[in-house]
Colleague: 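One structure coming up, written as structure tokens, with questions to follow.
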Amino acid sequence: MDHRTHLFESHRPLLEGLAYRMLGTRADALDIVQETFLKWSQTDIDQIRDARAWLVTVCSRIALNTLQSARSRREMYVGTWLPEPLMEDTRSPDEEPEIDETVSVALMHALERLTPNERAAFLLHDVFGYSFDEISTLLGKESAACRKLASRARARVRDARPKFAASSTEHQRLLTAFLNAARAGQIDELRGLLAEGVELHADGGGKAETVTHVLRGADAVSTFFVRVWSATAHPDGRYRFVLRWFNGSPGLLVHDEDRLIAAVSVSVDEGVIRGIYAHRNPEKLAAFLAEAG
């Protein structure tokens, strides 16, 4: 590997992490990073004083342009759009890693409410630790304007960020208790695990049956899951639920015999479940199948 390629590869995890958080899809993120590499390969790197800053600048600008067109496509999406699941090979619910809220489905979904520039300013400052002077150069805007963009973004995604960080143990305990109560039809126990204002967001993309609107409230959500999941407790063993770490926390993969039919994650705060996110679109579930293959 030559010096140019080695230098780029040393920054690849940073660029992929930024691009995924900007777009919410792994394929788009990889395309953005590849385009960044092509520009890097055509540049006289001896004239670049800070390779990291140059790469992040180029990657951010490509991501912003890509996000503009992605937003147009998502306006045509059938039902709720959720980000593509992000696999993390190095994590397991048994290893007690820290929850990473910066890639949670809850936060990624909330980022969709932001303008592209708000999203970039928020991510670059609050997640990646760039100063507003640095972001000013990246976005081509005044530092004060970038500060305002990040402040507006922070206010708009505040509800998606937990007030108190949950441990992976607590997160997994609530997720497991939620599954067991729903399958056993224990609606009162299930309701007790949910915040009063809990929301269910389900992404079927018009390709799988699911709720087509956001379901709100502990009563409505608990009733829904008891109705749907209590049927999976049949002794024929047709359904399997597997704990799997993705998007920075433990989640559940739901199998109907050998077919993966759903990936479910939850957001946890103050000892209760505040959000439930269910991927049902087969195109997004393919991320798990590709990994298994």
Side-chain angles (χ1 to χ4, degrees), residues 16-36 59-86 102-124 126-127 138-141 145-146 148-161 197-216 220-221 224 246-247 261-265 267 274-288:
E16 289 185 355
L18 172 60
Y20 173 78
R21 288 171 175 86
M22 281 291 290
L23 273 299
T25 60
R26 178 73 169 159
D28 283 336
L30 294 179
D31 287 345
I32 289 166
V33 173
Q34 180 62 22
E35 188 173 345
T36 304
C59 183
S60 298
R61 289 174 178 170
I62 296 171
L64 279 169
N65 290 334
T66 305
L67 184 56
Q68 297 281 8
S69 59
R71 285 167 66 89
S72 297
R73 295 195 304 272
R74 288 169 196 173
E75 289 176 359
M76 306 296 292
Y77 195 80
V78 178
T80 300
W81 186 93
L82 292 178
E84 184 179 284
L86 179 66
T102 72
V103 288
S104 71
V105 177
L107 179 59
M108 295 292 297
H109 178 57
L111 291 177
E112 289 295 305
R113 306 171 194 162
L114 309 180
T115 68
N117 281 325
E118 286 173 343
R119 187 165 183 162
F122 171 80
L123 289 172
L124 289 167
D126 285 38
V127 175
L138 292 172
L139 297 184
K141 296 181 178 295
C146 293
K148 288 180 181 178
L149 285 169
S151 178
R152 285 203 301 267
R154 202 174 296 121
R156 296 181 72 182
V157 303
R158 185 173 291 125
D159 289 345
R161 309 183 80 183
V198 65
E199 295 184 348
L200 166 62
H201 300 260
D203 179 346
K207 299 176 174 63
E209 184 179 357
T210 189
V211 290
T212 56
H213 60 282
V214 179
L215 203 60
R216 293 182 172 89
V221 171
F224 172 82
F246 61 96
N247 284 87
I261 60 172
V264 179
S265 59
S267 60
R274 296 193 175 276
I276 304 170
Y277 303 87
H279 289 89
R280 291 274 288 131
N281 186 337
E283 292 179 358
K284 294 182 179 179
L285 294 178
F288 295 99

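Quick note: numbers below take in every heavy atom, side chains included, and nothing from hydrogens, waters or symmetry partners.
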Colleague: Flag the pair I32 / R61 as yes when at least one side-chain heavy-atom distance between them is below 4.5 Å, and no otherwise.
Modeller: no
Colleague: For R73, check salt bridge (Lys or Arg N to Asp or Glu O under 4.0 Å) against everything at least two apart and list the hits.
Modeller: D28
Colleague: To the nearest 0.5 Å, what is the distance between CG (L86) and CZ (F246)?
Modeller: 10.5 Å
Colleague: If you measure from OG on S60 to CG on L18, what distance do you get to the nearest 0.5 Å?
Modeller: 4.5 Å
Colleague: Determine, step by step, whether L200 and V214 satisfy the side-chain contact (heavy atoms from CB on, under 4.5 Å) criterion, reporting the C-alpha distance in whole Å, the side-chain angles of both residues, the deciding distance to 0.1 Å, and the verdict.
Modeller: CA-CA 6 Å; L200 166 62; V214 179; over 6 Å; no
Colleague: Could you tell me which residues satisfy side-chain hydrogen bond (donor to acceptor under 3.5 Å, both in side chains) with T66, sequence neighbours excluded, listed by chain and number?
Modeller: none
Colleague: Could you walk me through whether R119 and R21 pass the side-chain contact (heavy atoms from CB on, under 4.5 Å) check?
Modeller: CA-CA 9 Å; R119 187 165 183 162; R21 288 171 175 86; 5.9 Å; no
Colleague: Would you say the side chain of H201 lies within less than 4.5 Å of the side chain of I276, judging by non-hydrogen atoms?
Modeller: no
Colleague: Would you indicate whether the side-chain heavy atoms of T80 and H213 approach each other to under 4.5 Å?
Modeller: no
Colleague: Can you tell if the side chain of R274 reaches within under 4.5 Å of the side chain of E199, non-hydrogen atoms only?
Modeller: no
Colleague: Could you tell me which non-hydrogen atom of V198 sits nearest to which non-hydrogen atom of G275, and how far apart they are?
Modeller: CG2-N, 4.1 Å
Colleague: Supply the atom-to-atom distance M22 CE to L123 CG, rounded to the nearest 0.5 angstrom.
Modeller: 6.5 Å
Colleague: What do the steps show when you test N247 against S104 for side-chain contact (heavy atoms from CB on, under 4.5 Å), and what is the final call?
Modeller: CA-CA 5 Å; N247 284 87; S104 71; 5.6 Å; no
Colleague: Heavy atoms only: give me the nearest L23-A63 pair and the separation to one decimal.
Modeller: CD2-O, 3.8 Å
Colleague: For T115, is there any backbone N or O sitting under 3.5 Å from a side-chain donor or acceptor partner on E118?
Modeller: yes
Colleague: With side-chain contact (heavy atoms from CB on, under 4.5 Å) as the test, would you mind laying out the steps for I62 and Q34 before giving the verdict?
Modeller: CA-CA 11 Å; I62 296 171; Q34 180 62 22; over 6 Å; no
Colleague: Determine all donor-acceptor pairs shorter than 3.5 Å in which one atom belongs to a side chain in residues 277-287; sequence neighbours excluded.
Modeller:
| unit_1 | atom_1 | unit_2 | atom_2 | d |
| --- | --- | --- | --- | --- |
| H279 | NE2 | P83 | O | 2.6 |
| R280 | NE | E209 | O | 3.2 |
| R280 | NH1 | I261 | O | 2.6 |
| R280 | NH2 | E209 | O | 3.0 |
| N281 | OD1 | E283 | N | 2.9 |
| N281 | ND2 | Y77 | OH | 2.7 |
| K284 | NZ | L82 | O | 2.4 |
| K284 | NZ | D203 | OD2 | 2.6 |

Colleague: Taking the side chain as C-beta and beyond, is there a heavy-atom pair between Y20 and M108 under 4.5 Å?
Modeller: yes
Colleague: What distance separates H109 NE2 from S265 OG, expressed to the nearest 0.5 Å?
Modeller: 11.0 Å
Colleague: Test salt bridge (Lys or Arg N to Asp or Glu O under 4.0 Å) on E112 and R71; report intermediate values, then the result.
Modeller: CA-CA 8 Å; E112 289 295 305; R71 285 167 66 89; 5.6 Å; no
Colleague: Kindly compute the distance separating OG (S267) from CG (L107), expressed to the nearest 0.5 Å.
Modeller: 10.5 Å
Colleague: Could you measure the distance from the CG atom of L111 to the CZ atom of R156? Nearest 0.5 Å is fine.
Modeller: 11.0 Å
Colleague: Would you say the side chain of V157 lies within less than 4.5 Å of the side chain of R161, judging by non-hydrogen atoms?
Modeller: yes
Colleague: To check you understand the geometry: which heavy-atom pair defines the closest contact between E84 and A27, and what is its length?
Modeller: OE2-N, 4.0 Å
Colleague: Between L64 and P116, what is the shortest heavy-atom contact and its length?
Modeller: CD2-O, 3.3 Å
